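For clarity, every value in this text was computed on a predicted model and none was experimentally measured.
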Amino acid sequence: MIAGSLSSHAFNQGYNMDITPPTVLVGEAKVYGFSKAFRLPVHLGNAGTLNLILAVDLQ
């Protein structure tokens, strides 16, 4: 839902954005094929922290 909302907002601002199905990464992992990646920690109170990874491929 977060990615879909972000994608819709970016499209309305004139950007082309594509989203992919969620991927679960456990332990150490390397992901290739993107220009940049950002870790966005989302604090969920007592439930802990959800780390969202935003991978960007600038074309």
Side-chain angles (χ1 to χ4, degrees):
M1 290 176 67
I2 294 169
S5 179
L6 176 61
S7 182
S8 294
H9 179 73
F11 178 80
N12 290 333
Q13 299 297 315
Y15 294 97
N16 183 20
M17 182 179 282
D18 192 16
I19 59 174
T20 61
T23 301
V24 176
L25 303 174
V26 178
E28 292 186 29
K30 292 185 179 184
V31 179
Y32 298 93
F34 299 98
S35 302
K36 301 251 183 215
F38 304 94
R39 181 174 59 92
L40 306 170
V42 178
H43 303 285
L44 303 172
N46 293 333
T49 301
L50 173 67
N51 288 304
L52 297 176
I53 307 298
L54 177 61
V56 179
D57 184 19
L58 303 173
Q59 296 180 4

side-chain contact (heavy atoms from CB on, under 4.5 Å) between T49 and V42, worked out: CA-CA 6 Å; T49 301; V42 178; 5.8 Å; no

Check step by step if side-chain contact (heavy atoms from CB on, under 4.5 Å) holds for K36 and F34. CA-CA 6 Å; K36 301 251 183 215; F34 299 98; over 6 Å; no

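Under the 4.5 Å side-chain contact rule for hydrophobic residues, L54 and Y15 do not share a cluster.
Within a 6.0 Å sphere centred on CG of N16, heavy atoms belonging to other residues, nucleotides or ligands number 12 at most.
You'll find the side chain of I53 stays beyond 4.5 Å of the side chain of F38, heavy atoms only.
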